[in-house]
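Quick note on labels: first sequence line is chain A, next is B, and so on, each numbered from 1.
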Number of protein chains: 2
Amino acid sequence: MGPRYQLVSDALKQAIESGQIQPGRSIPAERQLAEDFGVSRVTVRRAVDDLVDEGLLLRRQGSGTFVRARVEKQFAKLSSFTEDMIARGRTPSSKWISRSTGTVTPSEALSLGLSPGSDVLRFVRARYADGESMALERSTIASFALPDIEQVGDSLYVALEASGHRPVRALQKLRAVLFDKATADLLGVHVGMPGLLIERRGFLADGRAVEMTESWYRGDSYDFVAELVEG
Amino acid sequence: MGPRYQLVSDALKQAIESGQIQPGRSIPAERQLAEDFGVSRVTVRRAVDDLVDEGLLLRRQGSGTFVRARVEKQFAKLSSFTEDMIARGRTPSSKWISRSTGTVTPSEALSLGLSPGSDVLRFVRARYADGESMALERSTIASFALPDIEQVGDSLYVALEASGHRPVRALQKLRAVLFDKATADLLGVHVGMPGLLIERRGFLADGRAVEMTESWYRGDSYDFVAELVEG
DNA sequence: CAGTGGTCTAGACCACTGC
DNA sequence: CAGTGGTCTAGACCACTGC
């Protein structure tokens, strides 16, 4: 049995998502919820805090707490290609092009915060959605994060999760490029087609970098969506 | 005088940023801080919560609360082109290409959540950094958000701020495109150059959409950076 | 002025860490 | 087992809203 605020926020969430409380309408007052659920008002606030953070609710002092007119789902989530495609209703697949072990290059060492000479694993693969080529990915993983290269199946993130080193935060940099011949050939597209180059570094909760990935996405078939918040 | 938790979090933040507490070291225990600041432990937790949310501190149950090894600054901030360029140490400038008033198109109405027939303001401008062309921007603003089109100076966001309608949240969609002739000519680049097309909708705190902007960025001179968090 | 969210207290017990 | 963060209570007063 989890904490009580979790029970309260789950119940509220369910009431909102099932449409029992319509967007724009207010949820019961905090004191009322405390009584209804038999918890203190502090616990209710903690539960409501979570839903406000999620963007599901909006507080107005003196007025009430309202179900937010849904803008969009969460887009700034850290998800893998596999999860991303499934969320879009497409069927993802991958083809390994190479997997190898090696020693960090100077730029990888800098990027991953590893000492020179550290071991890394390298993965190159093509990504498909519904059988159509979508992207080429080159990943470098610090070896401490993946004890055995053989245990990596289709999803790198699943393997990282299994070893307890799935990144919880990532920094992405993205720019428009033209595909060069080598990359275009691997994806079966024309040279000179516009593409997105995404450079990503993934970090553990303790701040260590574990993953560095360069992805070349086809510009004609991939949209990148992000939700931004005031800073 | 603001809330007490603010005083506590400001004091902690200052101690961290001034280097009095080194990255990786722990801050005093919550009960100790409560005594030091003469507040309750709940108030201390609220203050620490804020710094944990900011990524400055990391809690470890049973162990302590530690100053985080700084990964990166905040990147998912909602900032205008002007602010963005200044942050990068470049000098932004703009040239108005057109400003006009009109009636929403059906797709704008859908995007901005306006009734058919509503008035909107339209802005087209070229953006420069250090005199070099960077982007072409076409913005559509709901008329309720900007009472007077004449009062818009160089920055649309400054004008929106002045009228109390600056977006606090935005949804961006981004993809790679090739510049068409009209856009390439306005930016002084070659047709067929790769570019980023960013479609943005900006929302007020109450969820209303006020802004819809399409920006064509030169792919060779603009990087888009985003910080993602686990969803 | 009744009702709502915003802040705060003093104290309690639990779960986990690290010796 | 001492110390730490995690959760929770009952109650209080303040600031703001909307009539």
Could you check which of D:dC16, C:dT7, D:dT7 has an atom nearest any side-chain atom of B:R45?
-> D:dT7
Between C:dG5 (C1') and A:D49 (CG): distance, integer Å = 11 Å
Taking only N and O in the side chain of B:S40, is any of them less than 4.0 Å away from OP1 or OP2 of C:dC8?
-> no
Looking only at side-chain atoms of A:R41, point me to the closest of D:dG6, C:dT7, C:dT4.
-> C:dT7
Atom CZ of B:R60 and atom C1' of C:dC16: how far apart are they, to the nearest Å?
-> 13 Å
For atom CG of B:D50 and atom C1' of C:dC8, their distance in whole Å | 15 Å
CG of B:L51 versus C1' of D:dG5: gap in Å, rounded?
-> 16 Å
A:R200, A:R201, A:R122 screened by salt bridge (charged side-chain N to carboxylate O under 4.0 Å, His left out) with A:E211, the one that passes = A:R200
B:R127 to B:W216 six-membered ring, cation-pi geometry met (6.0 Å, 45°) | no
Spell out yes or no: do the side chain of B:R31 and the base of C:dG11 have one donor N/O and one acceptor N/O closer than 3.5 Å?
-> no
For residues B:D36 and B:Q32, is any side-chain donor paired with an opposing acceptor at under 3.5 Å?
-> yes
Between B:R46 and C:dT7, does any side-chain N or O lie under 4.0 Å from OP1 or OP2?
-> yes
Closest of C:dC8, C:dG6, C:dT4 to the B:T43 side chain is C:dC8
Taking a pair as Watson-Crick (N1 to N3 plus N6-O4 or O6-N4) or G-U wobble (N1-O2 and O6-N3), both under 3.5 Å, which stems of 3 or more consecutive pairs involve DNA chain C?
-> C:1-18 with D:1-18
Cation-pi geometry met for A:R46 and A:Y5 (6.0 Å, 45°) | yes
Is A:Y5 near enough to D:dC8 that one of its side-chain N or O atoms lies under 4.0 angstrom from OP1 or OP2?
-> no
May I ask you to decide if A:Q6's main-chain N or O and A:S9's side chain share a donor-acceptor pair within less than 3.5 Å?
-> yes
Under the 3.5 angstrom rule, does the side chain of B:T43 hit a backbone N or O of B:V39 as a donor-acceptor pair?
-> no
Grab the CG-C1' distance between B:L12 and D:dG5 for me, whole Å please.
-> 15 Å
Could you tell me whether a side-chain N or O of B:S143 sits under 3.5 Å from a main-chain N or O of B:D119, the two making a donor and an acceptor?
-> yes
With a 4.0 Å cut-off on heavy atoms, is B:S26 in touch with a base, just the backbone sugar-phosphate, or nothing at all?
-> nothing
OP1, OP2 of C:dG18 versus side-chain N and O of B:S63: anything below 4.0 Å?
-> yes
Lys/Arg cation over aromatic A:F66: A:R60, 6.0 Å, 45° cone = yes
Side chain of B:P3: nearest nucleotide among C:dG6, C:dC8, D:dT9?
-> C:dC8
State whether A:R59 places a side-chain N or O below 4.0 Å from either non-bridging phosphate oxygen (OP1 or OP2) of C:dG6.
-> yes
Atom pair distance, as rounded to whole Å: CD in B:Q61 and P in D:dG5 | 10 Å
Mind calculating the distance between CD (B:E30) and C1' (C:dA12) to the nearest angstrom?
-> 15 Å
With heavy atoms under 4.0 Å as the rule, sort A:V48 into base, sugar-phosphate or nothing.
-> nothing
Position toward the 5' end of DNA chain D (nearest nucleotide), A:G62 or A:Q6 | A:Q6
Between B:E35 (CD) and C:dC8 (P), how many Å, whole number?
-> 19 Å
Looking at the side chain of A:V42, which of D:dA12, D:dT9, D:dC8 is the nearest nucleotide?
-> D:dT9
